[in-house]
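Below is one structure, written out as structure tokens; comments come after it.
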2 protein chains.
Amino acid sequence: MVRPDSRSRILAAATPMFARRGLNGVSVRSLASAAKVNLSMISYHFGGKEGLYAEILKKQFEGFRYIDDIAKRDLPPMEKCEMYLRGTIRRYRENPYLLRYYVSELTNPTPCFKTIVRPTVQRVLKVLRATIDKGISRGRLRKTLSPADGTLALAGMINFYFLVAPAARGFVDDHPGRDEELVNHFMDILRGGIVA
Amino acid sequence: MVRPDSRSRILAAATPMFARRGLNGVSVRSLASAAKVNLSMISYHFGGKEGLYAEILKKQFEGFRYIDDIAKRDLPPMEKCEMYLRGTIRRYRENPYLLRYYVSELTNPTPCFKTIVRPTVQRVLKVLRATIDKGISRGRLRKTLSPADGTLALAGMINFYFLVAPAARGFVDDHPGRDEELVNHFMDILRGGIVA
DNA sequence: GTCTATATTGCGATAGAC
DNA sequence: GTCTATCGCAATATAGAC
């Protein structure tokens, strides 16, 4: 096991720090000290703090690629919804920082918002909407369903679940072991609502 | 129309600035210049930048008080859900900054998170959950519904709608004129899901 | 690639005159 | 309450030795 080079060490140390405190909440000094590199290394490798942030954000957003699998497949709409729920849960379990970068960019956008964040969000929404559109036209989903609002409801329930988790301690006992249950609960709501 | 005093001017100028750029993204100098006050006024009135932020956050979070109206009333669960949706929409329309403070605290918590944010979130979730619990025990909601996950699904769809709005330009044409439609679409999903 | 040393600017906060 | 002036320190970034 060789010691990772300084570039990798910077990326590894910076990823959780930016996630927790945002671009403006982290100084190059604290980055360098956490990564155990000289502070000039950040400029050397990434051209400055913002360059480092942009590189990390770009890498984080590759976690959204699973949406393309959903787009390609020809499956009934409810199965695609389930794929989306499972893919989203998996994405956040595998990478606990992605949601923070994502939401942080939505509320306090950096220059990366236009180049990386918005195009990705639009892509995800577009795929989900196409699924719903097709489901309606094929008679699988009810024809009074609004494709746009339905998409946002679907994306909202699962994303908000992870977003609010840190403030919901004691409300849900969130852990990977209940993911299957979570998918089933949300799918039940999509299938038949909440009414008896 | 008299000129507001310096304290009010600081609050008025700082509210949108913290909302857009976060606590760490705003300097006292930029605050003072936007509010057209001397920079020493921030320490004088609020004891520093963090004190100012805390005061604004506290005031913003008063926007969640409508949840107590819902808690007090004795209404069928679906009517309470509709009250919650309408109240949430109204809250974000009346105060376009609240969601940013809210979500920003969830992803990049400041010292206010423990004192203000988490207690408020817990309060909202508790009220919604109590509504669902009662709805189930009275046979109005289906007995297989998970109260916790149902709560998060409900809160998620409407909160995410506003959260993602800046990145969803062109996807939904969001404006107050369609709020009634939005409530109806979400209520339809809660009533019967999305399946035909 | 990695370091030291430093340039330069900006930061938050406050002392003290008025 | 409001101002000027300034303190002390942190910020990002880079020049230049090795």
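By convention in this document, chain letters (A, B, ...) are assigned in the order of the sequence lines, proteins followed by strands, and residues within each chain are numbered from 1. Note: hydrogens, waters and symmetry copies are ignored here, and every other heavy atom, side chains too, is used.
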Between CG of Leu31(B) and C1' of dG12(C) the distance, given in whole Å, is 11 Å
Side-chain N,O (Ser27(A)) to OP1/OP2 (dA11(D)) below 4.0 Å: yes
Can you check the Glu50(B) CD to dG12(C) P distance for me, whole Å? 10 Å
For Phe18(B) and Tyr53(B), I'd like to know if the aromatic rings sit close, meaning centre-to-centre distance below 6.0 Å. yes
Just compare dT2(C), dA13(D), dG1(D) and give me whichever is closest to any side-chain atom of Tyr44(A). dT2(C)
Any side-chain donor-acceptor pair under 3.5 Å between Thr88(A) and Tyr66(A)? yes
Nucleotide nearest Met41(A) when distance is taken to its side chain, options dC3(D), dT14(C), dT2(C): dT2(C)
Short side-chain to backbone donor-acceptor contact, Lys49(B) and Val26(B), under 3.5 Å: yes
Distance below 4.0 Å between Asn38(A) side-chain N/O and dT4(C) OP1 or OP2: yes
Nearest-Å distance, OH (Tyr53(A)) to P (dT12(D))? 15 Å
Phosphate contact (dG12(C) OP1 or OP2) by Ser43(B) side-chain N/O below 4.0 Å: no
Classify the side chain of Arg29(B) versus the base of dG10(C) as yes if they form a donor-acceptor pair under 3.5 Å and no if they do not. no
Does either side chain, that of Tyr161(A) or that of Asp149(B), offer a donor lying less than 3.5 Å from an acceptor on the other one? no
Ignoring hydrogens and angles, answer whether the base of dC3(D) and the side-chain atoms of Ser40(B) contain a donor-acceptor pair closer than 3.5 Å. yes
Can you tell me the distance, in whole Å, between the CG atom of Asn24(B) and the P atom of dA10(D)? 16 Å
Could you tell me whether Leu39(B) contacts a base, only the sugar-phosphate backbone, or nothing, with contacts defined as non-hydrogen atoms closer than 4.0 Å? base
